[in-house]
There are 2 protein chains.
Amino acid sequence: MPVERVRRRIPEATVARLPVYLRILVEQAGEEVECISSEGLAELAGVNAAKVRKDLSYLGSYGTRGVGYEVAFLVYQIRRELGLTHDWPVVIVGAGNLGQALAGYNGFGERGFPVAGIVDIEPGKVGSVIGGVRVRHIDDLQQIVQSRRVSIGVVATPPSAAQDAADRLVRAGVTSILNFAPVVLAVPRGISVRKVDLAVELQILSYYEQRRVGVGLQAVGSNDSTRGASA
Amino acid sequence: MPVERVRRRIPEATVARLPVYLRILVEQAGEEVECISSEGLAELAGVNAAKVRKDLSYLGSYGTRGVGYEVAFLVYQIRRELGLTHDWPVVIVGAGNLGQALAGYNGFGERGFPVAGIVDIEPGKVGSVIGGVRVRHIDDLQQIVQSRRVSIGVVATPPSAAQDAADRLVRAGVTSILNFAPVVLAVPRGISVRKVDLAVELQILSYYEQRRVGVGLQAVGSNDSTRGASA
DNA sequence: ATGCAGTTGTGCACGTGTTCACAAAGCGGG
DNA sequence: CCCGCTTTGTGAACACGTGCACAACTGCAT
Ligand SMILES: NC(=O)c1ccc[n+]([C@@H]2O[C@H](COP(=O)([O-])OP(=O)(O)OC[C@H]3O[C@@H](n4cnc5c(N)ncnc54)[C@H](O)[C@@H]3O)[C@@H](O)[C@H]2O)c1
Ligand SMILES: NC(=O)c1ccc[n+]([C@@H]2O[C@H](COP(=O)([O-])OP(=O)(O)OC[C@H]3O[C@@H](n4cnc5c(N)ncnc54)[C@H](O)[C@@H]3O)[C@@H](O)[C@H]2O)c1
């Protein structure tokens, strides 16, 4: 039979949870667990079991009634759906405090996002080696992106330079951006942007902290991570 | 008239956007802008104008029809609502790559989240000074939390130690946790947890990147940052 | 005064996401 | 081979979030 090609669109909320399931499943596989129920996975992911089943049902009917899901197979399916069947090299712009921490972090490469390069505008930063990658000048950005076929860029510059960094990334050919600078980036249509803003996170905590007058009565919230990606 | 005390509950999605508005408004105030319309603010925040108005309406009716919102006043109101009228000292657990980057980052203190302390379990790490803060042993955690009245803790340990770090934070008296480790933390009811997971962000980008077969037709998505806080 | 241009605040309809509840289906034991 | 136990997959109801559209209101010009 022909491989199904009309990929169903997966709800954004589900896309944001699949990586969490994936990590848990990989961990379970490492512990020789071969099969897991939606209930079990839900427990480990801190979400509702029905949600797990519905999420997984977007991938296809890969469970076995009365039994559960085969861990290894699910891992494969989620990887495939998330596009993790091959590596996605990333380029980091800004070799400061944060950029260095990111470049020196092995977790990225391990998860299929090797650091193809890190660039900075400051000549003084160029040349030093972080996590096995040499810092290069930002003028080399396009060359790095094209030669290494990079489609994901990380912005780790000061806020004032973030838009410039994003512009350069887009011009160099990057189509997805992960932004750590606390600014709203303007990008052309079709470019995906996701933002990680620690100050915002803290301020949200502050809000709930401040309301902690009576008892903790807030909804369990389940840490979903729904944010818009892509434009 | 008595000051209104029955605080309306603000929708989570709105709470997540208020910090963004706040930052923009503070910036505008710095540029001598005294008044801004929902349209103008929406443009800068990259969202719909009606959404801005609805969000702000949860704070009260602080706009002037035909004119807009007074920037300074809005800043004050959002700060008040988010509980940013006073500082929230934070304690960082794990003085590794990331913990050091965080401790050395001034942006936190500037935004009202001074680093009250950073602790590690490794005796070798204890004693060094990062961003003006001396790394202390994790056994001092409770003392730091209580003497400095810390209610927010940051987990920056390896994944395997994250649950332990969270447990210690809770035992020490912290009621909100910002977790950088890629694990789902279990915490008692009433403790707020927010997670920042870079690998998840990259995997979400990967999903949309992979689907980029035809044209970029995905919804604009607007970067909201809605995640569950608190348990 | 009155009119007009501009902008807010919100009712309403719509779309998305969550959860319940249950029929359908697999499995193992007798 | 059938029965009862278990768990999936999903329809339907509900909750939540978004955006349109417009009445209500402000301030200014005449
Ligand atoms: N350090 C943290 O823990 C932390 C936490 C939260 C957010 N952030 C945000 O991350 C960003 C980076 O923070 P940081 O602490 O690494 O800052 P940093 O000042 O240490 O580093 C910024 C680097 O970017 C480089 N740069 C400046 N303009 C550039 C340009 N146009 N192109 C390329 N490179 C350029 C600078 O030379 C510098 O090396 C900031 O926006 C900050 O607000 C950092
Ligand atoms: N470095 C990054 O850029 C980055 C990016 C994304 C996610 N993360 C995550 O952030 C976390 C920290 O990363 P890192 O690169 O700083 O790791 P790291 O290994 O450099 O630092 C971890 C630190 O935690 C300390 N520690 C270990 N167990 C502890 C315990 N029980 N109590 C207190 N301290 C303990 C260690 O001594 C070490 O100093 C990890 O979970 C990692 O997955 C890091």
Side-chain angles (χ1 to χ4, degrees), chain A residues 8-18 20-21 25 33-71 73-74 77 204 218-230, chain B residues 8-18 20-21 25 33-71 73-74 77 204 218-230:
Chain A
R8 300 165 299 298
R9 176 189 141 279
I10 296 184
E12 192 155 321
T14 295
V15 172
R17 280 188 297 264
L18 287 178
V20 177
Y21 301 151
L25 290 166
V33 177
E34 293 188 354
C35 186
I36 193 168
S37 67
S38 60
E39 181 92 24
L41 183 48
E43 170 102 12
L44 293 170
V47 303
N48 183 296
K51 201 186 281 186
V52 168
R53 289 199 296 275
K54 190 151 280 185
D55 285 341
L56 296 181
S57 77
Y58 291 112
L59 309 179
S61 287
Y62 296 141
T64 308
R65 291 167 189 228
V67 178
Y69 301 85
E70 204 203 314
V71 173
F73 188 64
L74 253 199
Q77 289 299 337
I204 296 172
Q218 296 105 345
V220 107
S222 75
N223 246 125
D224 57 61
S225 181
T226 304
R227 288 100 155 284
S230 81
Chain B
R8 299 166 297 299
R9 181 190 137 278
I10 297 183
E12 191 155 321
T14 295
V15 172
R17 281 186 297 266
L18 288 177
V20 178
Y21 301 152
L25 290 166
V33 177
E34 294 188 354
C35 187
I36 194 167
S37 67
S38 60
E39 182 93 25
L41 183 50
E43 170 101 13
L44 293 171
V47 303
N48 182 294
K51 203 185 281 185
V52 169
R53 290 200 294 277
K54 191 153 282 188
D55 285 342
L56 297 181
S57 78
Y58 291 112
L59 309 179
S61 286
Y62 296 142
T64 307
R65 287 164 191 231
V67 178
Y69 300 85
E70 204 201 316
V71 173
F73 188 64
L74 252 198
Q77 289 299 338
I204 295 172
Q218 298 106 345
V220 105
S222 76
N223 245 128
D224 57 61
S225 182
T226 304
R227 289 98 151 286
S230 81

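Hydrogens, waters and symmetry mates are skipped; everything else that's a heavy atom, side chains included, is used. The structure presented is a predicted model; accordingly, all values stated were derived computationally and were not measured. Below, chain A is the first sequence line, B the second, and so on; all start at residue 1.
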Whole-Å distance separating the CD atom of A:E39 from the P atom of D:dG9: 15 Å
N or O in side chain of B:Y69 less than 4.0 angstrom from C:dG9 OP1/OP2: yes
Toward the 5' end of DNA chain C, by each residue's nearest nucleotide, A:P11 or B:S57: B:S57
Separation of C:dT16 P from A:E12 CD (nearest whole Å): 11 Å
side-chain N/O A:S38 vs D:dT8 OP1/OP2, d < 4.0 Å: yes
Side chain to side chain, A:L44 and A:I36, heavy atoms closer than 4.5 Å: yes
Pairwise side-chain contact, B:Y69 with B:L25, heavy-atom cut-off 4.5 Å (strictly under): no
Rounded interatomic separation in angstrom, taking CG from B:L56 and P from C:dT10: 12 Å
Counterpart residues, ring-ring contact (aromatic ring centres under 6.0 Å, His included), relative to B:F73 (two or more places apart): B:Y62
d(CG, B:L74; P, C:dT7) in whole Å: 15 Å
From B:I10 atom CD1 to B:R17 atom CZ, the distance as rounded to the nearest 0.5 Å: 11.5 Å
Contact pattern, 5' to 3', of nucleotides 19-24 of chain C - B, S or - by protein heavy atom under 4.0 Å: BBB--B
Gap between atoms OH and C1', on A:Y62 and D:dT8 respectively (whole Å): 15 Å
side-chain contact (heavy atoms from CB on, under 4.5 Å) against A:E43, all qualifying residues, sequence neighbours excluded: none
Short side-chain N/O contact to C:dT18 OP1/OP2 from A:R17, under 4.0 Å: yes
For B:E39, all residues meeting side-chain contact (heavy atoms from CB on, under 4.5 Å), sequence neighbours excluded: B:S37, B:A49
Partners meeting side-chain hydrogen bond (donor to acceptor under 3.5 Å, both in side chains) with B:T14 (sequence neighbours left out): B:D55
Whole-Å gap separating C1' (D:dG17) and CG (B:L18): 15 Å
Inter-end axis angle, the helix from C:dA1-D:dT30 to C:dG30-D:dC1, with every axis fitted to five base pairs (rounded, 10 degrees): 10°
Gap separating the CG atom of A:L18 from the CD1 atom of B:I204, nearest 0.5 angstrom: 9.0 Å
A:K51 side, atom NZ; A:Y21 side, atom OH - distance, nearest 0.5 Å: 7.0 Å
Whole-Å distance separating the CG atom of A:D55 from the P atom of D:dT8: 13 Å
Sugar-phosphate only, base, or nothing, as touched by B:Y58 at under 4.0 Å among non-hydrogen atoms: nothing
